[in-house]
Number of protein chains: 4
Amino acid sequence: MNKRSGIESKKKIIDAAMAVFSTKGYAKANIREIAKAAGISVGGVYLYFRNKEELYKSLINSKMHYIGSRLEITAGSAESATEALSDFFKLHLENALKHKEFILLHIREHGFAFGVNEKRQFFRKQRTLIENIIQRGMRSGEFRKCNADHMAKMIMGSLRGIILSMALDDDVHITPKMLNEFVFNGLLTAGKRD
Amino acid sequence: MNKRSGIESKKKIIDAAMAVFSTKGYAKANIREIAKAAGISVGGVYLYFRNKEELYKSLINSKMHYIGSRLEITAGSAESATEALSDFFKLHLENALKHKEFILLHIREHGFAFGVNEKRQFFRKQRTLIENIIQRGMRSGEFRKCNADHMAKMIMGSLRGIILSMALDDDVHITPKMLNEFVFNGLLTAGKRD
Amino acid sequence: MNKRSGIESKKKIIDAAMAVFSTKGYAKANIREIAKAAGISVGGVYLYFRNKEELYKSLINSKMHYIGSRLEITAGSAESATEALSDFFKLHLENALKHKEFILLHIREHGFAFGVNEKRQFFRKQRTLIENIIQRGMRSGEFRKCNADHMAKMIMGSLRGIILSMALDDDVHITPKMLNEFVFNGLLTAGKRD
Amino acid sequence: MNKRSGIESKKKIIDAAMAVFSTKGYAKANIREIAKAAGISVGGVYLYFRNKEELYKSLINSKMHYIGSRLEITAGSAESATEALSDFFKLHLENALKHKEFILLHIREHGFAFGVNEKRQFFRKQRTLIENIIQRGMRSGEFRKCNADHMAKMIMGSLRGIILSMALDDDVHITPKMLNEFVFNGLLTAGKRD
DNA sequence: TATGAATGAGGGTTCATTCAT
DNA sequence: CATGAATGAACCCTCATTCAT
């Protein structure tokens with residue numbers, strides 16, 4: 001019965017839950033293990049979270065807000081669309097490395113269970129960000145003419161997939177530079193492009 | 001009750017399991033429901049599969065082999081690298097639409113539970129396919145010089161992510177044409193490319 | 001895993017549940033103990049009853065219907081109101097002895113938990129029966145003039161209390177004859193009555 | 001926080017416990033709620049009562065002694081047995097209205113859990129009181145000859161049941177006058193009595 | 001082959017009780 | 001005296017798995 005500040009305990013639980021949930025997924029994760037990993041009793045978990053679902057949702061939301069806010073802030077301060085998109089990639093890849101386990105959990109349970117709407121919103125927001133950058137790039141002549149909506153969807157999808165690959169496959173590591181080159185230049189030789 | 005051939009029963013179970021697993025995920029799916037959906041008794045399932053895990057793995061493998069083989073076969077018959085890659089995309093996107101529920105299951109449980117190695121192998125095989133196409137394209141002068149390994153990883157990642165987006169987000173639908181344009185031409189105006 | 005007929009198992013559970021519930025009350029009774037007493041596994045209980053509450057309600061209802069129906073049937077066949085009431089008492093006291101443990105449970109949880117309405121209805125029905133007999137008795141001149149509604153309530157209350165006493169206090173045993181004498185004659189000497 | 005005298009706190013707890021226990025029954029009542037209702041901390045409860053059981057027993061005993069003593073005192077001062085019994089009924093019915101919630105708790109948990117002996121003793125004492133009154137009445141010629149022990153048991157049982165009905169069924173309200181009439185005169189027309 | 005009743009370990013959750021402050 | 005975070009045993013319920021038929 002070590003006395004800890006409530007905030008400290010809550011934080012410990014969140015960290016432990018993150019580890020366990022992302023390793024096992026929501027359904028297979030169990031409270032006993034989370035409690036143990038947090039160095040707290042089973043009942044202790046229920047002091048801070050009403051139930052398993054609440055704990056999970058709280059986890060997802062807080063992390064998503066944290067990441068989301070960081071991504072938003074940096075988007076505006078770029079000089080050109082190219083640079084903005086480049087920054088966007090850089091941030092996402094950095095985040096991917098930093099929150100690898102969250103990414104896994106996030107993707108794994110996406111579309112299932114709860115918090116679906118929050119997740120969908122998160123991705124949609126990111127997509128809108130990209131779309132805006134693309135339109136800016138087309139206006140400034142940096143980017144070729146294309147359907148910004150479609151392009152944004154593809155780029156966001158690609159980013160997601162690349163991040164997923166990095167999280168899942170140990171031998172995949174994509175740097176911002178590589179990603180830039182890929183997205184900006186495409187695969188064809190200059191002369192072959194339409 | 002009804003005498004069925006073993007193969008018939010097994011097939012029914014697999015189909016039912018696919019539906020249930022992809023809807024609920026591995027952990028929340030339960031044998032009772034699968035049996036019911038297959039029109040068979042609970043015990044009947046255990047006549048064909050040693051346990052839940054076995055059933056799941058068998059599912060993943062059979063589907064993965066089926067899809068994988070179809071993808072492999074068609075890869076060789078293209079006239080140019082550009083066409084080969086284009087075909088590859090087309091096939092994958094078609095598959096994605098056709099086996100949407102499998103894709104979801106596949107991604108959801110990827111990296112967790114069992115069958116991880118089989119899944120990894122599947123993706124690696126696909127990556128190698130792409131890598132070969134890229135090298136062929138570079139030799140023929142179709143594609144610009146780049147690190148084929150890196151590029152293959154990025155393309156495979158992108159493809160995965162785009163397929164994932166299509167499966168998860170109702171408002172995302174990417175056509176082969178859109179994907180070609182994106183991957184081949186990149187985002188920059190012709191003049192801006194390096 | 002002894003194979004029993006479903007009905008046999010269900011009956012065993014009901015008997016065991018009756019014993020445990022009436023000994024401990026609803027809240028303190030636990031499924032493990034009921035299962036054990038029924039010679040069945042915990043999960044087995046849930047094969048026949050959706051949950052603890054369902055088991056309890058099923059118990060109460062079936063028993064109440066059984067007892068209620070027996071009481072109803074015999075009420076009509078009496079020659080006089082005196083005889084009818086006398087029969088009514090006899091039946092209730094017999095029931096009390098026969099279903100002692102149920103009586104305890106019934107009273108204990110009355111007004112609490114679930115099945116309250118069913119219980120209330122049961123008592124109200126009994127009261128109406130008595131009221132009818134009283135009115136018949138007053139019409140025939142057997143019974144003195146009184147408020148039938150009030151009288152029925154008092155008689156039903158008395159009966160309940162006497163049965164309760166018999167169930168709770170080991171040294172209380174009331175025979176139909178004693179009860180008749182009490183209810184019919186009252187306590188006063190003949191000359192003192194108004 | 002607020003310094004209170006121990007006695008004040010203890011009283012608050014007892015009142016709160018009475019309310020909660022009688023609403024939910026012993027098993028479902030919980031200390032947290034009692035503490036809250038008493039405006040005291042959880043730990044505070046344990047300063048005055050060793051545990052839940054102790055609190056409950058203390059509750060029952062104090063209330064029972066209080067009620068019991070009031071009933072005893074008034075019993076002696078009656079001029080006739082008829083009046084004594086009448087007073088007895090009046091007091092009990094008054095008590096029933098005044099301590100409705102206690103009655104419910106009392107009956108509900110009677111025969112179970114703890115404090116059984118105290119409860120039994122309480123009722124036995126009341127019964128003895130009635131028995132004495134009956135014998136006095138028979139000696140004075142007020143009451144007809146009967147088995148005083150049996151009669152006392154029946155009267156006590158009836159009283160209990162009537163009080164129970166009043167506590168449980170909203171539509172039952174018995175006045176002392178009604179009860180007197182019932183017990184003293186019985187149901188039969190004067191001429192029909194034996 | 002096929003059935004489905006039966007098993008029992010294990011998971012989510014509650015709550016009486018303790019104790020550092 | 002008083003607090004309330006922490007504990008952990010015990011409860012209800014689920015479900016993969018078995019096996020007598």
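Order of the sequence lines fixes the chain letters, A, B, ..., with proteins taken first and strands second; residue numbering starts at 1 for each chain.
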May I ask you to establish whether A/Lys11 and A/Tyr48 are in a cation-pi arrangement, using a distance under 6.0 Å from NZ or CZ to the six-membered ring centre and at most 45° from the ring axis?
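No cation-pi geometry.
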May I ask you to check if A/Lys10 and A/Phe49 form a cation-pi contact, with NZ or CZ under 6.0 angstrom from the six-membered ring centre and within 45° of the axis?
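Judged by the rule (NZ or CZ under 6.0 Å from the ring centre, within 45° of its axis), A/Lys10 counts as positioned above A/Phe49.
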Can you tell me if A/Ser9 touches the phosphate of F/dA6, counting only side-chain N or O atoms and a distance under 4.0 Å to OP1 or OP2?
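So the side-chain polar atoms of A/Ser9 do come within 4.0 Å of the phosphate oxygens OP1 or OP2 of F/dA6, strictly under.
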Below 4.0 Å: OP1/OP2 of E/dG12 and any side-chain N or O of A/Asn51
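For E/dG12, neither OP1 nor OP2 has a side-chain N or O of A/Asn51 closer than 4.0 Å.
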With nearest nucleotides of DNA chain F determined for B/Gly43 and D/Gly43 from heavy-atom distances, which residue corresponds to the more 5′ nucleotide?
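Looking at DNA chain F, the more 5' nearest nucleotide goes with D/Gly43.
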Let me spell it out: for each of A/Ser41 and C/Tyr46, pick the nucleotide of DNA chain F with the closest heavy atom. Which residue's pick is nearer the 5' end?
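In this pair, the answer is A/Ser41.
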Given atom [atom1] of [X] and atom [atom2] of [N], what is their separation to the nearest angstrom?
X	N	atom1	atom2	result
A/Lys36	E/dG11	NZ	P	12 Å
B/Lys52	E/dA9	NZ	P	19 Å
A/Arg50	E/dT14	CZ	C1'	15 Å
B/Ile7	E/dA2	CD1	P	12 Å
A/Leu47	F/dT3	CG	P	17 Å
D/Ile34	E/dT17	CD1	P	11 Å
A/Glu33	E/dG12	CD	P	10 Å

Record whether the side chain of A/Arg32 comes under 3.5 Å of the base of E/dG12 through a donor-acceptor pair of N or O atoms.
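Per atom types, the contact qualifies.
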Quick one: OG1 on B/Thr23 to CD on B/Glu33, what's the gap to the nearest 0.5 Å?
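If I round to the nearest 0.5 Å, the distance is 8.0 Å.
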If you compare all heavy atoms of D/Ala29 against all heavy atoms of D/Lys52, which two are closest, and at what distance to 0.1 Å?
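In this case the closest contact between D/Ala29 and D/Lys52 is O-NZ, 2.9 Å.
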Counting any heavy atom closer than 4.0 Å, what does B/Ala29 reach on the DNA or RNA strands: base, sugar-phosphate only, or nothing?
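Contact class for B/Ala29: sugar-phosphate only.
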Here's a test of your reading of the structure: between D/Ala27 and A/Asn30, which maps to the more 5' nucleotide of DNA chain E?
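Result of the comparison: A/Asn30.
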Nucleotide opposite E/dA20 in a Watson-Crick or G-U pair, distances under 3.5 Å:
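When the pairing criteria are applied, F/dT3 turns out to be the nucleotide that pairs with E/dA20.
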In terms of the angle between their ring planes, are A/Tyr26 and A/Phe21 parallel, tilted or perpendicular, with boundaries placed at 30° and 60°?
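Plane angle under 30°, so parallel.
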Go through E/dG12, E/dA5, F/dA6 for me and flag the one nearest to the C/Tyr48 side chain.
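Nearest listed nucleotide: E/dA5.
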Nucleotide nearest B/Ile31 (side chain, heavy atoms from C-beta), chosen from F/dT17, E/dA5, F/dC13:
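Of the options given, the side chain of B/Ile31 lies nearest F/dT17.
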